[in-house]
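Read the structure below first, then the notes.
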Amino acid sequence: MEMVFDNYIVGTFLVSLFAFLFLFILRRYNNNNNDNNTRKKRFEKGYSREIKTQTGAGKGECSPGNGSGDDVIIVGAGVAGAALAYTLGKDGRRVHVIERDLTEPDRIVGELLQPGGYLKLVELGLEDCVEDIDAQRVLGYALFKDGRNTKLSYPLGKFQADVSGRSFHNGRFIQRMREKAATLPNVKLEQGTVTSLLEEKGTIIGVQYKTKDGEELRAYAPLTIVCDGCFSNLRRSLCNPKVDVPSCFVGLVLENCELPFSNHGHVILADPSPILLYPISSTEVRCLVDVPGKKVPSVANGEMANHLKTVVAQQVSCIDCPLQTLFYHGLIEESVLFQVPPELRDAFIAAVDKGNIRTMPNRSMPADPHPTPGALLMGDAFNMRHPLTGGGMTVALSDIVVLRDLLRPLHNLHDAASLTSYLESFYTLRKPVASTINTLAGALYKVFSTSPDEARKEMRQACFDYLSLGGVFSTGPVALLSGLNPRPLSLVLHFFAVAIYGVGRLLLPFPSFQRMWIGARLISSASGIIFPIIKAEGVRQMFFPATVPAVYRAPPVV
């Protein structure tokens, strides 16, 4: 009887405990749903939540340590920042995002997501962010040179039907990711400008920022991730920024026109540098004219419109004529200034006349971080490459996947020294994707740009002819460019295969001393293009990552 009575007491206790836990979970679930709905409404109205001040803290700031309640501060809510906020928030981190401007961005780059980047988007659970924004599927590229063209399709045969590139308005894509991040109860987005990183005994402990109302505040977290873009004012304390501006893009939107190859990006090997065209909606085509150097003709005083009409559009009017006839009549130089396809001529001129001409400097910057306790760089603030190949978002999303996997085993981020040592592996683990796309972007831009050097001219022609061969000669390089096959060694092999192919064209059928000399200079020129890029990326990390000790570091035990 006593045993039955004891069992009855134990059973009653257990049932009561489970009932209490069930009610607690149910109440928390309902509160989270209410918070989600409130957060989404506030986001849509442009509302930014203020940081709650802890009792005893100074006005307008949270106490360092656990007092603020944030695990991670993210500076910037562009592609990298918004995707990272959602990713870390989904893993249970308490994330505070501070973005300078939460209205929809209006940019002329960041509009083409390669298939490799789309696969990373799927891996992060963000693939629905390219839906309902009139995004266009991209299945490859069309390359134009001297009246010839070749189509280069992505090798998508082994992937599911939805896998392809995507092109869209950059601002729409970013807003979709911000909205999705804001639906998580542990992610808060706030509009403000971060003015400095807060440092204590060599460790970054948070940020100081100014709200849109002008109030100076401070926020604290054990990890601050800076994703404030290509114009970052915070990167200097976290890396060695060696920013190069090889050229600028002049951007136009062509309306109600069709590209020669549907669902393909178009690259025109113009003089002095390439022209890009790709759809950004069902009725709009983005045209990017590359202008070498840091300075471009002024848009305000009409010099830019005149440049586009006289230097670019005038060539369009001659496109239907045989090139040899144009050359003999002195209408073009032997180097041939190529030209938008004729189908786009009227739309191009109309876009220039409309006057909505945008410019953007094309920056490249190799990743050269200072491992700093409590802080990390991501996105364009950390690493940039020429946007010719449209690889920036693919690199950023790939980096987020790497960082997410490294942080997942960690329940506590407060041991800054151990965390910094552990995260040094991030810089090596990101290299297969990042270095392949970075190197290819830099090398292709130099190969595709014109040069008075005869060897460079041969290299340019050899590249076009090599890609036109089809088979592995086109699918191999396109797989590298698209992020589907991020292998640096494969990139180097294809690059020098192009150079050797160019030498073969020179020596066959009858070699001469002059052709042999040009061939030798071609190999030298190819080496001069790719080896400095590889050196900047890091030879050891690119080709021998297994020899880097940081790769084998175990997560810190806390």
Side-chain angles (χ1 to χ4, degrees), residues 75-84 100 105 107-114 116-117 120 170 173-174 225-249 251 273-274 276 288 290-294 296 358-370 376-400 402-403 426-427 430-446 448-449 480-481 483 486 488 491 529-530 532-538 541-542:
V75 182
V79 172
L84 183 62
R100 182 182 60 83
R107 304 180 65 206
I108 64 170
V109 292
E111 299 173 319
L112 180 65
L113 180 65
Q114 297 288 356
K120 297 300 179 183
N170 173 268
F173 178 54
I174 288 176
I225 304 178
V226 177
C227 310
D228 57 344
C230 60
F231 299 104
S232 173
N233 63 339
L234 302 175
R235 67 160 69 101
R236 289 191 175 277
S237 60
L238 302 176
C239 73
N240 297 313
K242 299 174 184 176
V243 180
D244 182 35
V245 183
S247 66
C248 297
F249 268 156
S273 50
L276 306 181
L288 295 174
D290 187 86
V291 178
K294 299 180 181 180
V296 297
R358 306 279 302 280
T359 62
M360 176 77 179
N362 294 326
R363 297 165 177 255
S364 69
M365 184 185 78
D368 189 9
H370 293 148
L376 201 65
L377 276 170
M378 295 282 284
D380 283 350
F382 174 48
N383 182 206
M384 295 180 282
R385 76 291 310 148
H386 196 284
L388 173 67
T389 57
M393 290 189 290
T394 300
V395 172
L397 294 171
S398 175
D399 284 354
I400 291 170
V402 173
L403 182 62
F426 167 75
Y427 303 117
R430 68 182 293 272
K431 278 297 178 180
V433 174
S435 63
T436 300
I437 291 175
N438 293 346
T439 305
L440 185 59
L444 269 186
Y445 178 71
K446 291 184 178 180
F448 281 174
S449 298
L480 294 166
L481 180 148
L491 166 61
I529 288 173
I530 198 167
I533 302 174
I534 291 175
K535 182 180 178 182
E537 288 293 321
Q541 288 181 315
M542 275 185 71

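Partners of Phe426 by ring-ring contact (aromatic ring centres under 6.0 Å, His included), not counting sequence neighbours: none found. Qualifying side-chain hydrogen bond (donor to acceptor under 3.5 Å, both in side chains) partners for Arg358, counting only residues two or more places apart in sequence or in other chains: Asp106. Applying the side-chain hydrogen bond (donor to acceptor under 3.5 Å, both in side chains) test to Asp368 and every residue at least two apart in sequence or in another chain returns Asn240. Annotation: side-chain hydrogen bond (donor to acceptor under 3.5 Å, both in side chains) contacts of Ser449 (sequence neighbours excluded): none. For Ala77, the side chain to side chain contact (heavy atoms under 4.5 Å, CB included) partners at least two apart in sequence or on another chain are Val97, Glu99, Arg178. Applying the salt bridge (charged side-chain N to carboxylate O under 4.0 Å, His left out) test to Asp290 and every residue at least two apart in sequence or in another chain returns nothing. With sequence neighbours left out, Arg235 forms a side chain to side chain contact (heavy atoms under 4.5 Å, CB included) with Ser232, Cys239, Pro241, Val243, Met365, Leu377, Met384. Ala536 meets the side chain to side chain contact (heavy atoms under 4.5 Å, CB included) test with Pro366; sequence neighbours excluded. Partners of Asn170 by side-chain hydrogen bond (donor to acceptor under 3.5 Å, both in side chains), not counting sequence neighbours: none found. For Val296, the side chain to side chain contact (heavy atoms under 4.5 Å, CB included) partners are Cys248, Val291, Met304, Thr359, not counting sequence neighbours.
Rounding to the nearest 0.5 angstrom, the gap separating the CG atom in Leu388 from the CG atom in Asn362 is 9.0 Å. Here Arg236 contributes atom CZ and His370 contributes atom NE2; the two are 11.0 Å apart, rounded to the nearest 0.5 Å. Interatomic distance, Lys120 NZ to Thr394 OG1, rounded to the nearest 0.5 Å: 10.0 Å. Here the CG-CG distance, from Leu234 to Asp228, works out to 4.5 Å after rounding to the nearest 0.5 Å. In this structure, CG in Leu481 is found 11.0 Å from OG1 in Thr436, a value given to the nearest 0.5 Å.
Within the 4.5 Å cutoff, side-chain heavy atoms of Leu397 are placed close to those of Leu113. Under the 4.5 Å side-chain criterion, counting only non-hydrogen atoms from C-beta, Asp399 is not in contact with Asn383. Within the 4.5 Å cutoff, the side chain of Tyr445 has no heavy atoms near those of the Ser364 side chain. The shortest distance between side-chain heavy atoms of His386 and Pro246 falls below 4.5 Å. Contact of the Tyr427 side chain with the Leu376 side chain is registered, since non-hydrogen atoms from C-beta on lie closer than 4.5 Å.
Judged as a salt bridge (Lys or Arg N to Asp or Glu O under 4.0 Å), the pairs with a partner in residues 431-442 (not counting sequence neighbours) are, in order, Lys431-Glu537. The salt bridge (Lys or Arg N to Asp or Glu O under 4.0 Å) contacts involving residues 376-391 comprise Asp380-Arg385, where partners must be two or more places apart or lie in separate chains.
Taking both residues in full, the closest heavy atoms of Ile174 and Pro105 are given as CD1-CG, 4.0 Å, listed atom of the first, atom of the second, then distance. The shortest heavy-atom contact between Ala80 and Gly379 is CB-CA, 4.0 Å. Closest approach of Ser247 and Pro292 over heavy atoms only: CB-CA, 3.7 Å. Taking every heavy atom of both residues into account, Thr439 and Ile530 meet most closely at CG2-CG1, 3.9 Å. Taking each heavy atom of Val245 and Lys294 in turn, the nearest pair found is O-CG, 3.7 Å. The minimum heavy-atom distance between Leu480 and Ile437, with the atom names listed, is O-CG1, 4.3 Å.
Checking each of Leu112, Leu276, Asn438, Leu444 against Thr389 for a side chain to side chain contact (heavy atoms under 4.5 Å, CB included) leaves exactly one that passes, namely Leu444.
More than 12 heavy-atom neighbours from other residues, nucleotides or ligands sit within 6.0 angstrom of CZ on Arg363.
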